[in-house]
Peer 1: 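Got a structure here, written out as structure tokens. Questions coming.
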There are 4 protein chains.
Amino acid sequence: MTEKQEKILKAALNLFAQNGYASTSTSKVAKEAGVSEGLIFRHFENKEGLLKAIMNMAMESSKQLITEVMLAGEPKKVIRKMLELPYQVDRSHYDMWRLTYALKWQMNMYDSSANDALRLILKDAFQQLGYEDPEAEAELVFMFLDGASTAFLLHEPKNKADVLKCIKKKYNV
Amino acid sequence: MTEKQEKILKAALNLFAQNGYASTSTSKVAKEAGVSEGLIFRHFENKEGLLKAIMNMAMESSKQLITEVMLAGEPKKVIRKMLELPYQVDRSHYDMWRLTYALKWQMNMYDSSANDALRLILKDAFQQLGYEDPEAEAELVFMFLDGASTAFLLHEPKNKADVLKCIKKKYNV
Amino acid sequence: MTEKQEKILKAALNLFAQNGYASTSTSKVAKEAGVSEGLIFRHFENKEGLLKAIMNMAMESSKQLITEVMLAGEPKKVIRKMLELPYQVDRSHYDMWRLTYALKWQMNMYDSSANDALRLILKDAFQQLGYEDPEAEAELVFMFLDGASTAFLLHEPKNKADVLKCIKKKYNV
Amino acid sequence: MTEKQEKILKAALNLFAQNGYASTSTSKVAKEAGVSEGLIFRHFENKEGLLKAIMNMAMESSKQLITEVMLAGEPKKVIRKMLELPYQVDRSHYDMWRLTYALKWQMNMYDSSANDALRLILKDAFQQLGYEDPEAEAELVFMFLDGASTAFLLHEPKNKADVLKCIKKKYNV
DNA sequence: CATGAATGAGGTTTCATTCAT
DNA sequence: CATGAATGAAACCTCATTCAT
């Protein structure tokens, strides 16, 4: 990965996240990256290739978070780690997450399978703890995760920490 | 509001919701509405005006849901009504909600003030019920609402009803 | 000529003179006139018909100025009246003259024949006064008229009166 | 300045001069230049940018004529050079001058400051020669220049040369 | 590897004009 | 007589992409 390639990726990530993929022209990306427009196509084939490259980076970085949960072992720890996920994302990754979340609403981009592994683990954890409807509980946690992430990415509530405390107590973790 | 105006609005809502605002050309809207492209501009001034007209409709229809919660009175009822909100939206309004949610991610479109009134009522309800940190509880509910709506609009989980039961139990409502 | 027709003509004259014929849309004319756009076409057939109606008014009003010169009789008086022409136009007619002058530069609009009668009288006057090259003198006066009118319509020099005195002295009139 | 840029400029100058700026579409310019329409915008940003580029060329070429007058020195020579100005313009520059003159009538395009330097020199010349009202004399010459140029550009009178002789005699130059 | 000129398709918008009411 | 909804063509401009250098 050359230096210019990275510049392009960074610029594209930033612009896609702030203004949306469709609203960001390759020429704006080139200008922001300080690079000729043609270079984008040499390295990434086309605009969609650029997006895919970015999403691959995102996948990579989200895998790290996920494996941490997977390796937790005990059910309570699984749940706790899970609830803490939105709090683990570094501010420097916000653009990436903004883009990921925004793209969910762009048709044909939603891929639920990514979460299926986690959902299974979570359900299992609840089952081990004797919850009545482990599947529903797992789904509920996912909804929280989604809602929390959205809140953090969009308007950053002041009482983030309190909310975590609050929900942890509910699950006793 | 002439008949053709409504056709335009309906077509635009549909296309914006399915493919995104930026990716939907006015010519596609015109074609879908069975109308000349120029007519869009006569009635809505420009593409953004068309979007605004749609969002006004959305506001109107969300006000109805909200006032229902506001009129609930008793704290428990407030919370219950609140949690049920995502379940109240008619399938016929999904396009509108998809668009509303998608637009949150389009820069400068997020308006948190819309929820402030509800947030206040909710916090008050939790306070009356003696919750330790009513503000965090309110925030948490909002996160659930957001996450649930997202799930419903994007992949419609099979166990919607169970999830509701599950969370209601947590709040004892 | 109904009241609305006059409103249209006045609005069109004003806008054509200020912004140019090509740059003025019929919708702007209608708005300025406080009239529906369709009415313009009912009364004037098309945009060019509107222009023609205006130019006819202009012709009419310029004929008045010209006949005054023609009736002057004595050569010196002819020349004096001629030189005074640009000073005779009422400020309320400036729009019309601006438009007339501007249109000269719009291809196929220049009609030199309009001036031929005047040119002949002028040449005759110079001949009677024994000028060496009456034709060139007549042409020269026309150039002055054109230049002076242009100056008055475009930037209104402060020493208009002095210039008239100055040139009158040259012709001893 | 690439070859195609020049082609665009030449085509635009020609069409703007013949048919007017507002009446000339960028697509006509592109066709006349044998170039894709997009290229116009890549090189000149927008239609107005194209016009500005042309006017800059015009400025450049008019500066040359003007400096010649400025370097004349003796008052009589200044005046003579001045009067001869409209006769100096090469036929190949007519389009440019037609456009320049036509644009004066397009609102907000008139820039009298360009002539101020010349006006000053001219006034000075008349002063040195003891004319009674040098300012009015200067203005008068400008009017002649404007009228003569207009005549040359619009209908090319047959007795151009005679007119020059005629006016030179009046100023004894 | 890198540039930037060049393109053609398509985007939003404006316009002159028609027509039902 | 008068309106204003409706249209289709054309206006200006942007875009993703290609290619010669």
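Side-chain atoms are counted along with the backbone in the values below, which use heavy atoms only and exclude waters and symmetry mates. To find a chain, count down the sequence lines: A is the first, B the second, and so on, and within it residues start at 1. Remember, predicted model here, so these are calculated numbers, not experimental data.
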Peer 1: Any side-chain N or O of Thr26(B) under 4.0 Å from OP1/OP2 of dG11(E)?
Peer 2: no
Peer 1: Under 4.0 Å: is that the gap between some side-chain N or O of Ser25(D) and OP1 or OP2 of dA11(F)?
Peer 2: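 Yes, within the criterion.
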Peer 1: May I have the distance from Ile40(D) (atom CD1) to dT14(F) (atom P), rounded to whole angstrom?
Peer 2: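 In whole Å, dT14(F) P and Ile40(D) CD1 are 13 Å from each other.
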Peer 1: What is the distance from CD of Glu37(D) to P of dG10(E), rounded to the nearest Å?
Peer 2: 15 Å
Peer 1: Specify the separation, in whole Å, of atom CD of Glu48(A) and atom C1' of dA16(F).
Peer 2: 12 Å
Peer 1: Go through Lys10(B) and Glu6(B) one step at a time and tell me if the salt bridge (charged side-chain N to carboxylate O under 4.0 Å, His left out) criterion holds.
Peer 2: CA-CA 6 Å; Lys10(B) 212 168 278 183; Glu6(B) 279 191 86; 5.4 Å; no
Peer 1: Do the side-chain N or O atoms of Arg42(A) get closer than 4.0 angstrom to the phosphate oxygens (OP1, OP2) of dA2(E)?
Peer 2: no
Peer 1: I want to check one thing: is the phosphate of dG4(F), taken as OP1 and OP2, less than 4.0 Å away from some side-chain N or O of Ser36(C)?
Peer 2: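 For dG4(F), neither OP1 nor OP2 has a side-chain N or O of Ser36(C) closer than 4.0 Å.
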Peer 1: Answer yes or no: does a side-chain N or O of His43(D) lie under 4.0 Å from OP1 or OP2 of dA6(E)?
Peer 2: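 Looking at the OP1 and OP2 atoms of dA6(E), one of them is under 4.0 Å from a side-chain N or O of His43(D).
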Peer 1: With sequence neighbours excluded, what pairs up with Thr100(C) under the side chain to side chain contact (heavy atoms under 4.5 Å, CB included) test?
Peer 2: Met55(C), Ala58(C), Trp97(C)
Peer 1: Determine which nucleotide pairs with dG10(E), using a 3.5 Å limit on both distances of a Watson-Crick or G-U wobble pair.
Peer 2: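 When the pairing criteria are applied, dC13(F) turns out to be the nucleotide that pairs with dG10(E).
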Peer 1: Does the structure show a Watson-Crick or G-U wobble partner for dT21(F), both distances under 3.5 Å? Name it, or say none.
Peer 2: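 dT21(F) is paired, partner dA2(E).
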Peer 1: For the pair made of CZ in Phe44(A) and P in dC1(E), what is the distance, rounded to whole Å?
Peer 2: 11 Å
Peer 1: How many whole angstroms separate atom CZ of Phe41(D) from atom C1' of dA16(F)?
Peer 2: 17 Å
Peer 1: Using OP1 and OP2 only, check whether a side-chain N or O of Lys28(D) sits under 4.0 Å from dA10(F).
Peer 2: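 For dA10(F), neither OP1 nor OP2 has a side-chain N or O of Lys28(D) closer than 4.0 Å.
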Peer 1: If the cut-off is 4.0 Å, is Thr2(C) near the phosphate of dC1(F), judged by side-chain N/O to OP1 or OP2?
Peer 2: no
Peer 1: Is there a Watson-Crick or G-U wobble partner for dT7(F) with both distances under 3.5 Å, and which nucleotide is it?
Peer 2: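 Base partner found: dA16(E).
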Peer 1: Say whether Glu37(B) and Thr26(B), considering side chains only, have a donor N or O and an acceptor N or O under 3.5 Å apart.
Peer 2: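 Looking only at side-chain atoms, Thr26(B) and Glu37(B) do form a donor-acceptor pair, the distance falling under 3.5 Å.
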